[in-house]
Amino acid sequence: MNILSKLSDCGVVAVVRGDSKEEAIRISEACIKGGIIGIEVTFTVQDADTVIKDLVSIYDNNDNVIIGAGTVLDAQTARIAILAGAQFIVSPGFDKETAKLCNLYKIPYMPGCMTITEMKVALEYGADIVKLFPGSAFGPDFVKAVKAPLPQVNVMPTGGVNLENIKEWIQNGCTAVGVGGNLIAPAKAGDFEQITLLARQYVEKVQEARVN
């Protein structure tokens, strides 16, 4: 509950992909410097478990930073991530065995869902936040429609979230948003300071959306 509360308060989870372990760590550090405390290290990153382990070690004394794992397709990968220190698990789709494993170890599970039926099943298996993926295929209005029959579901869209529409996502009922390409793109040019700047803007936009 503490982890979920912190992720919700910040409102932004950085989806970290990189061409190397070193790049993934630098992207994560840039995001954290900009105020995004939720870092989702995807298992498309080479040695993702080592990246998670290193980040957990680097931020061992910072209780506000939460390191999780993304693109977790099965329970075996989830267990590897949890043993590396991951504090939350994100999947592009729902997997029953992964849900059971996360419940066993009291690790928040955020499966990707696209339909009301998928969300209902995910809730039955204890999913804490439902990842609406890909968000670009639906748009913010979809979240408002979902919250009518399922007001209890916590939704986090990933894919299609940017600085221009983030306010609409939040005001339509999203608990948080996942941001990847639009945030970490400057890493290709080695501009990690720009990632920090963008991270700060995303966090500010979420806070503004909640006040207004």
Side-chain angles (χ1 to χ4, degrees), residues 1-15 35-40 64 66 68-73 75 78 86-180 182-183 201-212:
M1 292 303 296
N2 186 38
I3 290 169
L4 290 169
S5 177
K6 287 178 180 177
L7 290 176
S8 176
D9 287 347
C10 176
V12 185
V13 173
V15 182
I36 297 178
I37 61 147
I39 303 296
E40 175 191 332
N64 289 321
I66 302 165
T71 321
V72 176
L73 302 179
Q87 295 170 281
F88 63 93
I89 300 294
V90 185
S91 300
F94 173 73
D95 180 71
K96 292 179 182 178
E97 295 306 315
T98 302
K100 287 190 215 175
L101 182 82
C102 289
N103 281 333
L104 177 63
Y105 290 103
K106 291 296 181 185
I107 298 292
Y109 178 47
M110 307 174 194
C113 297
M114 296 177 71
T115 67
I116 293 287
T117 299
E118 289 177 348
M119 292 180 188
K120 176 178 172 289
V121 172
L123 288 174
E124 288 172 345
Y125 276 85
D128 301 285
I129 294 176
V130 167
K131 170 184 173 179
L132 179 63
F133 179 78
S136 56
F138 297 94
D141 287 343
F142 181 75
V143 177
K144 185 183 288 185
V146 164
K147 297 283 279 188
L150 291 177
Q152 74 275 28
V153 68
N154 294 313
V155 180
M156 179 180 76
T158 302
V161 178
N162 54 50
L163 288 171
E164 284 68 46
N165 64 22
I166 190 171
K167 179 178 180 179
E168 195 176 355
W169 283 110
I170 293 296
Q171 292 187 340
N172 276 15
C174 294
T175 300
V177 297
V179 186
N182 291 324
L183 171 64
Q201 290 175 350
Y202 273 102
V203 173
E204 288 173 355
K205 288 279 187 182
V206 168
Q207 302 310 318
E208 287 172 11
R210 288 173 173 170
V211 172
N212 300 319

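Positions are given from 1 along the sequence.
The closest donor-acceptor contact from the side chain of S91 to the backbone of G112 lies at 3.5 Å or more, if one exists at all. When atom types are taken as modelled, the side chain of N165 and the backbone of G139 share no donor-acceptor pair closer than 3.5 angstrom. No donor-acceptor pair closer than 3.5 Å links the side chain of E40 to the backbone N or O of V179.
Within the structure, side-chain hydrogen bond (donor to acceptor under 3.5 Å, both in side chains) pairs that include any residue of residues 142-154 comprise N154-T175 (at least two apart or interchain).
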Would L132 and M119 count as a side chain to side chain contact (heavy atoms under 4.5 Å, CB included) if you check the C-alpha gap in whole Å, the side-chain angles of each, and the deciding distance to 0.1 Å?
CA-CA 9 Å; L132 179 63; M119 292 180 188; 4.1 Å; yes
List the steps, then state whether side chain to side chain contact (heavy atoms under 4.5 Å, CB included) holds for E168 with D141.
CA-CA 8 Å; E168 195 176 355; D141 287 343; 3.8 Å; yes
Using the rule given for side chain to side chain contact (heavy atoms under 4.5 Å, CB included), can you reason through F88 versus V13, listing the C-alpha separation, both sets of side-chain angles and the distance that settles it, and then say yes or no?
CA-CA 11 Å; F88 63 93; V13 173; 4.2 Å; yes
Determine, step by step, whether N182 and V161 satisfy the side chain to side chain contact (heavy atoms under 4.5 Å, CB included) criterion, reporting the C-alpha distance in whole Å, the side-chain angles of both residues, the deciding distance to 0.1 Å, and the verdict.
CA-CA 8 Å; N182 291 324; V161 178; 5.8 Å; no
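Looking at I36, I37, L4 one by one, the single match for side-chain contact (heavy atoms from CB on, under 4.5 Å) with I66 turns out to be I37.
Under the 6.0 Å cut-off for aromatic ring centres, Y109 and Y125 do not qualify, their centroids lying 6.0 Å or more apart.
Listed by chain and residue number, nothing satisfies the salt bridge (Lys or Arg N to Asp or Glu O under 4.0 Å) test with E118 (two or more places apart in sequence, or in another chain).
Put simply, the side chain of L7 reaches to within 4.5 Å of the side chain of M110, judged on heavy atoms. Using a 4.5 Å heavy-atom threshold, the side chains of L73 and D95 count as separate.
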